[in-house]
Each structure stands twice: as structure tokens, then as C-alpha cells.
Amino acid sequence: MKHFLDLSHISKKELRNIVDEAKRRKKKSSTKSKVLVTENSSAKDKLLLMIFEKPSTRTRLSFDLAMRQLGGQTIVMNSNDMHLGKGEESIEDTAKVISSFSDIVMFRTFAHKSLLELAHLLTIPLINGLTDHSHPCQLLSDVLTFEENKGSIKGAKIAWIGDGNNVTNSAIEAAVQFDFQLNISCPKGYMPSKKILDWAEAKNGKIVIFKDPLKAAKGVDCIMSDKWISMGDHVNVKKKKSALKPYQANKKLMSCADKDAIFMHVLPAARGEEVTADIIDGPQSVIWQQAENRLHGQKAIIDWCLD
Ligand code: CP
Ligand code: NVA
């Protein structure tokens, strides 16, 4: 049984194969109908259960559509409507029921330990659809988007500017697993996970921390950013936004990158905060391609889990 919980849990070779499979599936995908089943997959006639503890647009739509195009079906549940670890029903009992009713589960939750606990109890594969700690599906399809625009990501230089959050943590793991350099510039107090930084160091990952965002962006092939306030982020919003102000992706920051650099953002975005509208809606931005590639990435992930 294969869970897709974090990029650090899966071998470099397997991750490379998943991205290549996503590329192949994108080339083959039908433009005639959104739900036409044209693809061979181990997901055929299988059921994906999606459980959301937080809102989602892209993750929900892309997983749902991916499953339909692979010949499977989905059920979407909001955790508020379930007995998941609440009231009279233990998480062990919920996990037994989920395992018997579905073939694969995608879970978007707050605490990463909830994801790990469910993974431990299920007898079917589990996919991390985002936790407070990481967002591996996003980074996997972002590797695809990078490569469509800039060629092989191996040896590339990417800058992460802004909040050190769940997406940053997965970007660090991606840098190690796909062999690219990640320059990180986040304000003091808003750095990514120390544990993941230590893991990257032990793996000889090229993670370079910069105080100055302009220096982090110098000559890079891509600048990545994300919202300053993530879902479930219980912080002093005013204080955090003020600390992050110098880390905005704007014309000045973008001009430090390579002239052909791309701008990536996982979305949703707050224009005027982490990024200015001229950058996110400008010619260097690849955000809509990132969003579309979630579909192709999810297909390859589901297929890998069920194969
Ligand atoms: N990028 C991303 O995961 O978007 P959603 O929160 O809309 O799923
Ligand atoms: N860091 C953001 C990502 C949203 C897809 C959040 O967790 O809210």
C-alpha cells in the first residue's frame, strides 16, 4: 500500500516517474469533454473519498475531475459532517468504515499528526491534500509547470520569498528530491520548519537562506510566493503582515531575477499583499498553468497510489 504523504517519504526515482507520468497524461488528455474517460488507469471503477477540514477550490476540483477522467468516482465530505474522531466514534472506527467503503482517500486537514494518524489506521492509500505542515501535491505539479516553461528543474535556481509555511516546507523537500537550488528569504519568526531544513541539510540539499529578499532573488529562474496568512494561521495578522511587507513580490524583486524568470504562486492570492497585480497578472506569471497542472499531477499521484 502506498500513501502520498510527503515528498521526503518517496524516492527521487519514483517522484521523477510521477512527474513524467503527469506530463504524458497531459499530452494524452482529451480537449473534447471534461469528463470523457480516455485513459488507462488503475483508478478505473475505484472510489476516491475526499475529506476536507479546510476550504479548497483547486485541490477539490482537480482531484474530482482527475478521478472522473481516470474512470473512477468520488465522494466529497466535509469533516464537520462526519464523526471523524469526534463524539462517540473513535478515529479507529471511522478509519475502518472509510477503508471498507472506498479505495483511496484524500485528506485536507489542520494538524499534520491527524494525517499521519489516519494513514496509520487506514488499509487503503491516503493522499495529503494539504496540512499546516506541507502541501506535496502542489509542489509535484509545480515541478511539472516549471519544466514546461524552463526545461529540466535539475540544477535550476528558485527563490521562495515571503512566509515560511506549509508550501515552503514542501518546496524544500522538492528541492532535495528534484535536485534544484532553493533560495529562501522569510522574516525572522516566520521561517519554514527547522526539522525539514535539518533534513535537507543532512541530504546535502542546496537550500540557501537569505536575510535580504533582493539577494535571494538575484539571477533565479523562478520566484515563488504564497499568501501571508494561511488557512488556520492563528497569528497576530497586523504584526505578521507588517513583518512580511519587505518580502512582497513586486517589480523591484522580479527585476533581480533572470530576465526570463517565471513567477509562481499556488493560489489563492491576495493582490497588493504578497504580490502586486502587475506581477501576478503580468507576462512572467504562470499561475493559471500551475492551477491546470494540478489535474495532471493528481492523476499521476492517484495512479501511483493505486498501482
Ligand atoms: N493551491 C491550492 O491547493 O488551492 P486550493 O486551496 O483552492 O485547493
Ligand atoms: N499556505 C496556504 C496554501 C493554500 C493552498 C494555506 O495553507 O492556506
Side-chain angles (χ1 to χ4, degrees), residues 4-7 22 48-67 74 76-79 105-115 127-146 160-174 182 184-187 189-193 196 222-235 237 240-241 243-244 247-249 263-271 273-275 280 285-302:
F4 189 88
L5 301 181
D6 268 317
L7 300 180
L48 166 72
L49 171 66
M50 290 189 265
I51 307 172
F52 287 96
E53 281 188 348
K54 291 175 175 175
S56 167
T57 303
R58 282 143 287 267
T59 304
R60 177 176 170 161
L61 278 170
S62 57
F63 268 108
D64 201 327
L65 201 50
M67 207 56 191
T74 58
V76 183
M77 294 186 89
N78 186 307
S79 62
V105 183
M106 190 237 69
F107 190 26
R108 170 169 285 197
T109 183
F110 290 90
H112 198 68
K113 73 171 183 358
S114 306
L115 178 92
I127 299 171
N128 176 358
L130 180 148
T131 69
D132 289 348
H133 178 71
S134 58
H135 196 7
C137 298
Q138 178 71 52
L139 259 294
L140 191 109
S141 59
D142 286 350
V143 170
L144 166 62
T145 308
F146 180 93
W160 179 277
I161 312 289
D163 188 24
N165 62 15
N166 47 1
V167 183
T168 329
N169 290 338
S170 289
I172 296 169
E173 295 195 351
L182 186 68
I184 296 178
S185 189
C186 306
Y190 303 102
M191 286 295 288
S193 155
I196 293 187
C222 169
I223 291 181
M224 285 184 171
S225 186
D226 187 14
K227 276 175 78 167
W228 287 344
I229 310 295
S230 282
M231 295 179 275
D233 212 353
H234 298 298
V235 287
V237 172
K240 187 169 182 185
K241 285 188 179 176
L244 277 154
Y247 298 79
Q248 185 186 61
F263 173 76
M264 294 178 97
H265 190 303
V266 305
L267 301 178
R271 288 168 177 77
E273 292 195 355
E274 75 273 10
V275 59
I280 197 165
S285 171
V286 296
I287 55 165
W288 304 121
Q289 195 179 340
Q290 273 180 278
E292 191 214 314
N293 280 341
R294 296 296 304 280
L295 169 66
H296 311 291
Q298 317 305 31
K299 285 188 193 170
I301 292 167
I302 294 168

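Counting convention: from 1, in listed order, for ligands and their atoms alike.
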Which protein non-hydrogen atom lies closest to atom 8 (O) of ligand 2, naming both residue and atom, and how far is it? Met231 N, 2.8 Å
Numbered atoms and elements of ligand 1 in range of Leu267, under 4.0 angstrom, heavy atoms: 1 (N), 2 (C), 4 (O)
Any N/O of Arg108 closer than 3.5 Å to an N/O of ligand 2? no
Counting both backbone and side chain atoms, is some N or O of Val167 under 3.5 Å from an N or O of ligand 2? no
shortest atom 3 (C) of ligand 2-to-protein heavy-atom contact is with Asp226 OD2, 3.6 Å
Can a donor-acceptor pair be found between the side chains of Ser170 and Asp6 at a distance below 3.5 Å? no
When rounded to the nearest 0.5 angstrom, what is the spacing between OG1 in Thr145 and CZ in Arg294? 10.0 Å
So is there a nitrogen or oxygen of Leu130 less than 3.5 Å from a nitrogen or oxygen in ligand 1? no
Which of the ligand 1 atoms, numbered from 1, are nearer than 4.0 Å to a heavy atom of His135: 2 (C), 3 (O)
Salt bridge present between Glu273 and Lys241 (N-O < 4.0 angstrom): yes
Is the shortest side-chain N to carboxylate O distance from Lys113 to Asp132 below 4.0 Å? no
Give a yes-or-no answer on whether the side chains of Glu53 and Thr109 include a donor-acceptor pair shorter than 3.5 Å. yes
Taking non-hydrogen atoms only, is Arg108 closer than 4.0 angstrom to ligand 1 via side chain, backbone, both or neither? side chain
For ligand 1, which is the ligand I care about here, please tell me if Gln138 has any N or O atom under 3.5 Å from one of the ligand's N or O atoms. yes
What's the shortest distance from atom 4 (O) of ligand 1 to any protein heavy atom, and which residue and atom give it? Arg58 NE, 2.9 Å
Between Asn169 and Ser134, do the side chains contain a donor N or O and an acceptor N or O under 3.5 Å apart? no
Sub-3.5 Å N/O-N/O distance, Asn166 and ligand 2: yes
Select the closest option to atom 6 (C) of ligand 2 among Ser56, Ser230, Ser170, judged by heavy-atom distance. Ser230
Is the contact between Leu130 and ligand 2 made by the side chain, the backbone, both, or neither, using heavy atoms and a 4.0 Å cut-off? side chain
Looking only at side chains, do Ser62 and Gln298 share a donor and an acceptor under 3.5 Å apart? yes
So CD of Gln138 and CD of Gln290: to nearest 0.5 Å the spacing works out to 6.0 Å
Short question: side chain of Asp163, backbone of Asn165 - any donor-acceptor pair under 3.5 Å? no
Does Leu267 come within less than 4.0 angstrom of ligand 2, counting non-hydrogen atoms of the residue? yes
Give me the residue, atom name and distance of the protein heavy atom closest to atom 2 (C) of ligand 1. Arg294 NH1, 3.4 Å
Member of Leu295, Thr74, Ile127 meeting the side-chain contact (heavy atoms from CB on, under 4.5 Å) criterion with Phe63: Ile127
